[in-house]
Amino acid sequence: MQTVVTRFPPSPTGYLHIGGARTALFNWLLARSMGGRFVLRMEDTDVERSSNEMTESILEAMRWLGLDWDEGPYYQSQRFARYQHFIDELLDRGMAYYCSCTPEEVEQMREEARKKGEKPKYNGRCRERDLGPGPERVIRFKSPLEGETAFQDILKGNVAVDNRELDDFVLRRADETPTYNLAVVVDDLDMQITHILRGDDHLSNTPKQVLLYRALDAELPVFGHVPMIMGSDKKRLSKRHGAMSVLEYRRQGYLPEAMCNYLARLGWSYGDQEIFSSLDELVEKFSLQNLSKSACVFDPDKQSWVNSQHIKAATPQSLAPILGDFLEANDLPRSEPPFLEQLIPLLQPRAKTMQEMAQWAAPFVRGDDELSYDSGLVEKFITSEVAAYLQRMQTDLRDLQRFDRESLESYMSRFLEQQGIRFKHMAQPIRVALTGSKASPGLFETMELLGRESVLTRLERALQLTEA
RNA sequence: GUCCCCAUCGUCUAGCACGGUCCAGGACGCCGGCCUCUCACGCCGGUGACGGGGGUUCAAAUCCCCCUGGGGACGCCA
């Protein structure tokens, strides 16, 4: 059996967005699950709109997601001679021709067709003029005038288009650069691509490419057009729907495994399973059979839930460096990994994103003096009655033999009993004093992690605030 | 406008290729409850869909047709 070779061909005219990332993921998964190869190729034939910055950003996003490539990245801009070779061949064989019609003239032809209620297209004026090379001339493909062009699609089944719907599309622009349709076919042939998984929006391009494959006497790869991802308004995903670049999700604190997990489940399923812990698990379970045919809506709520599940399942060790980065990004002290690894388990159940985790971590990583108190909170919870209890606790805590959560908890129950009060009355005041916030991880874990000195200092600071 | 594709809860989906086991299952969300030192987590329960109409059949979410709805393409962009 032939090895499977898939590819991902982004155009460096924009960021790697959600849709592109999913296409990349599917192709990568297919290659990996079949023991094949995955090729990365930059489609930068539109020199004007392509940029190095975008190329870098796309590569960065691919690396972040963990989608490694076996070949490339190839750059179409470096392969122009190769495309020219094929164009010459088509010219020689009378399957392509020079056309001197200006863009304005072609637009007029389309306008006329539209007026007649027909499909807007080039009318083939130069088709039989036998023009040679010349300035401002493009090269067009000589499409068949009748019959139909059909191909098999693993998702859509048999797709057929009447050739009268097709026109003589441009192969080479007036500036002598090749167009997309020609370049993809040449590249996919050269790179021996066996499977092409791409967005639904390419479905109507495919017949043109099929025609080129036939003109070149080449065998067709397997096509699979996956449905597009849309925004909540069922419109094409755009800036309105939130982040465009997948790197933006990294910035917001999404984990790459969670990103791949959610993306994979958009248009693909494996029974009732929602959480796939790693790329490896996805590879193991991926199959073309389970791809769905209809468009889907990107749901940030579910994405966020998936992320929270991955955060809960991750090891503190793996999360520590990431949390460190987020602390830094939030102008908080980065803290040492050993401390973070102790802190993280307290935060894992509460954070949906790493950014949120950094927020939760703030009271723990900030020095005792840097902790800021909301005067309203202090006033509300630390009443004079409560302050008296807190003072008594201060003394006790200073002398407490051990400062771990069990000892603290048993001390607390003794204290409450002695004073004849309930924990409910003390919990929030202590929490506010220790963290400056009315929401935090469990009190005893918090105290244990903060340590005796910090706890005493913070209690003291809070008490002073009430006196003032 | 023309052509192509698609159609199960608000959303992601299972089921559809081999029609009965589906008065349709899971997940997110939402609502209610439990747990509880706060916020979360977790647990339990609830809400909620086969777009419509015709066929075929003893029987249709599953097969066929039409309609409707949605999406995509119609570039010297990819």
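Letters go in sequence order (proteins before strands), and every chain restarts at 1.
Donor-acceptor pairing under 3.5 Å, judged by distance alone, is absent between the side chain of Arg350(A) and the base of C41(B). A donor and an acceptor atom never sit less than 3.5 Å apart when one is taken from the side chain of Asp201(A) and the other from the base of A78(B).
Glycosidic conformation at A17(B) (O4'-C1'-N9-C4 for purines, O4'-C1'-N1-C2 for pyrimidines): syn, within 90° of 0. Base orientation for C41(B): syn, the chi torsion being within 90° of 0.
The stretch residues 220-234 of chain A touches RNA chain B through Met228(A), Met230(A), Lys234(A), each having a heavy atom within less than 4.0 Å of the strand. Within residues 420-429 of chain A, the residues that have a heavy atom under 4.0 Å from RNA chain B are, in order of number, Phe423(A), Lys424(A), Ala427(A), Gln428(A).
Between Trp268(A) and Phe276(A), the angle of the ring planes lies from 30° to 60°, which puts this pair in the tilted group.
Looking only at atom types and distance, the side chain of Ser11(A) has no donor-acceptor partner in the side chain of Arg49(A) under 3.5 Å away. At a cut-off of 3.5 Å, with distance as the only test, a side-chain donor of Tyr83(A) or Asp187(A) sits close to an acceptor on the other residue. If you check the side chains of Gln76(A) and Glu43(A), you find a donor sitting under 3.5 Å from an acceptor. If you check the side chains of Tyr180(A) and His202(A), you find a donor sitting under 3.5 Å from an acceptor. No side-chain donor from either of Thr353(A) and Asn307(A) sits under 3.5 Å from a side-chain acceptor of the other. Defined by atom type and a distance below 3.5 Å, a donor-acceptor pair is present between the side-chain atoms of Gln84(A) and Asp88(A).
Residue contacts for Asp162(A): at a heavy-atom cut-off of 4.0 Å it reaches no nucleic acid atom on any strand shown. Counting non-hydrogen atoms under 4.0 angstrom, Lys312(A) reaches the backbone sugars and phosphates but no base. Residue Pro10(A) is classed as having no contact, given no heavy-atom separation below 4.0 Å to the nucleic acid. Counting any heavy atom pair closer than 4.0 Å across all strands shown, Lys121(A) reaches no nucleic acid atom. Residue contacts shown for Thr177(A) are absent, as no nucleic acid heavy atom lies under 4.0 Å away. Note on Arg110(A): only backbone sugar-phosphate atoms sit closer than 4.0 angstrom, heavy atoms only; bases stay farther off. If you check every strand for non-hydrogen atoms under 4.0 Å, Lys235(A) touches sugar and phosphate atoms only. Using a 4.0 Å heavy-atom distance criterion, Glu274(A) is classed as a base contact. Across all strands shown, Glu445(A) has no heavy atoms under 4.0 Å from either base or sugar-phosphate atoms. Leu203(A) comes within 4.0 angstrom of sugar-phosphate atoms only, judged by non-hydrogen atoms across all strands, and of no base.
The phosphate of A27(B) has neither OP1 nor OP2 within less than 4.0 Å of any side-chain N or O from Lys302(A). Distances shown here put every side-chain N or O of Arg41(A) at or beyond 4.0 Å from the OP1 or OP2 atom of A78(B). Residue Gln209(A) places no side-chain N or O under 4.0 Å from the OP1 or OP2 atom of A73(B).
Taking the charged nitrogens against the carboxylate oxygens, Arg114(A) and Glu111(A) do have a contact shorter than 4.0 Å, which makes a salt bridge. Between Glu281(A) and Lys285(A) there is a salt bridge, since at least one side-chain N of the basic residue sits less than 4.0 Å from a carboxylate O of the acidic one. Between Glu356(A) and Arg350(A) there is no salt bridge, since no side-chain nitrogen of the basic residue lies less than 4.0 Å from a carboxylate oxygen of the acidic one. A salt bridge does not link Lys235(A) to Asp233(A): none of the charged nitrogens lies less than 4.0 Å from a carboxylate oxygen.
Comparing the P positions of G54(B) and C18(B) gives an interatomic distance of 26 Å, to the nearest angstrom. A gap of 40 Å separates the C1' atoms of G53(B) and G75(B), to the nearest Å. The gap from the C1' atom of C23(B) to that of G15(B) amounts to 16 Å, rounded to the nearest Å. Comparing the C1' positions of C65(B) and C22(B) gives a spacing of 25 Å, expressed to the nearest Å.
Atoms NE2 (His202(A)) and P (G71(B)) sit 19 Å apart, rounded to a whole Å.
The heavy-atom pair separating Val210(A) from Ala150(A) by the smallest distance is CG1-O, 4.2 Å.
With a 3.5 Å ceiling on both atom-pair distances, C39(B) lacks any Watson-Crick or G-U wobble partner.
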Look for any protein N or O under 3.5 Å of an N or O in nucleotides 13-15 of chain B and output each such pair with its distance, or none.
| from | atom 1 | to | atom 2 | distance (Å) |
| --- | --- | --- | --- | --- |
| U13(B) | OP1 | Gly267(A) | N | 2.3 |
| U13(B) | O3' | Ser269(A) | OG | 3.3 |
| A14(B) | OP1 | Ser269(A) | OG | 2.8 |

